[in-house]
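Everything below concerns the one structure shown next.
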Amino acid sequence: MKRILIAGEDGKTANYEKALRHMGVHVETSLHVPDSSLYAGLILPGGGDIDPKLFGQLPCGTRLFDPVLDRVQLTILSDFVQDKKPVLGICKGMQLINIWFGGDIYQHLAD
């Protein structure tokens, strides 16, 4: 059975877990840096904004970010990328992947 890690906070990933279990996938949610060889892939879930320091900016429209969470998720992402494991980023997770690969973020778009 495939094992997928969701790099998220307990209690905030139930919808992802339910969908994956429905497909017969063994899923675990954790923010502990795992041995990525134990998993077939990684999901980086949605969430708040990303710490602007991670992409070389000062806060300018970014709100509600968790610098510790961001760094833990990037560390987990790094392990999976280095092991050439598949990664799915959803909303914030997509932005974390962008940052990991050297991308940038527009913190706020004018109305």
Side-chain angles (χ1 to χ4, degrees):
M1 180 182 288
K2 292 184 188 245
R3 289 176 69 185
I4 301 294
L5 176 68
I6 300 174
E9 299 174 277
D10 287 332
K12 295 185 177 181
T13 62
N15 54 342
Y16 304 124
E17 294 172 33
K18 182 179 177 182
L20 289 165
R21 287 189 180 116
H22 181 74
M23 294 185 296
V25 176
H26 179 75
V27 61
E28 297 173 25
T29 297
S30 177
L31 287 172
H32 297 288
V33 179
D35 176 355
S36 59
S37 69
L38 300 175
Y39 299 92
L42 171 67
I43 294 178
L44 291 168
D49 291 338
I50 296 174
D51 181 358
K53 289 181 183 176
L54 293 172
F55 46 95
Q57 296 180 18
L58 296 173
C60 179
T62 295
R63 300 172 288 145
L64 305 173
F65 58 94
D66 182 341
V68 173
L69 174 63
D70 295 345
R71 284 159 180 78
V72 168
Q73 288 177 317
L74 285 169
T75 299
I76 294 170
L77 171 61
S78 182
D79 288 349
F80 277 78
V81 170
Q82 289 174 5
D83 283 350
K84 296 182 169 57
K85 298 285 181 116
V87 176
L88 172 64
I90 301 167
C91 196
K92 176 189 177 182
M94 221 173 12
Q95 294 175 50
L96 285 167
I97 293 167
N98 174 51
I99 295 304
W100 193 90
F101 282 99
D104 199 0
I105 291 179
Y106 287 100
Q107 294 183 50
H108 179 73
L109 297 176
D111 294 340

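Residues: numbered from 1 along the sequence shown.
Of all heavy-atom pairs spanning Phe65 and Asp70, the tightest one is CB-OD2, 4.5 Å. Across Asn98 and Asp104, no two heavy atoms sit closer than the pair ND2-O, 2.8 Å. What you find for Phe80 and Val87 is that their closest heavy atoms are CB-CG2, 4.0 Å.
Defined by atom type and a distance below 3.5 Å, a donor-acceptor pair is present between the side-chain atoms of Gln82 and Ser78.
The closest side-chain heavy-atom distance from Asp49 to Leu64 is not below 4.5 Å. The shortest side-chain heavy-atom distance between Pro45 and Ile6 falls under the 4.5 Å cut-off. Under the 4.5 Å side-chain criterion, counting only non-hydrogen atoms from C-beta, Ile97 is in contact with Phe101. Side-chain atoms of Asp51 and Arg71, non-hydrogen and from C-beta on, do get closer than 4.5 Å to each other. Contact annotation: the side chain of Leu20 approaches that of Ile43 to within less than 4.5 Å [non-hydrogen atoms, C-beta and beyond].
In this structure, NE2 in His108 is found 8.5 Å from CZ in Arg63, a value given to the nearest 0.5 Å.
Under the 3.5 Å distance criterion, the side-chain polar atoms of Glu28 are left unmatched by any main-chain donor or acceptor of Arg3. Looking at Gln57, its side chain never comes within 3.5 Å of a backbone N or O of Tyr106 through a donor-acceptor pair. With Asp83 contributing its side chain and Lys85 its backbone, the two residues share no donor-acceptor pair below 3.5 Å.
Cluster membership check: Met94 does not share its hydrophobic cluster with Ile99, using side-chain heavy-atom separations under 4.5 Å among Ile, Leu, Val, Met, Phe, Trp and Tyr.
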Walk me through whether Thr62 and Ile50 qualify under side-chain contact (heavy atoms from CB on, under 4.5 Å). CA-CA 8 Å; Thr62 295; Ile50 296 174; over 6 Å; no
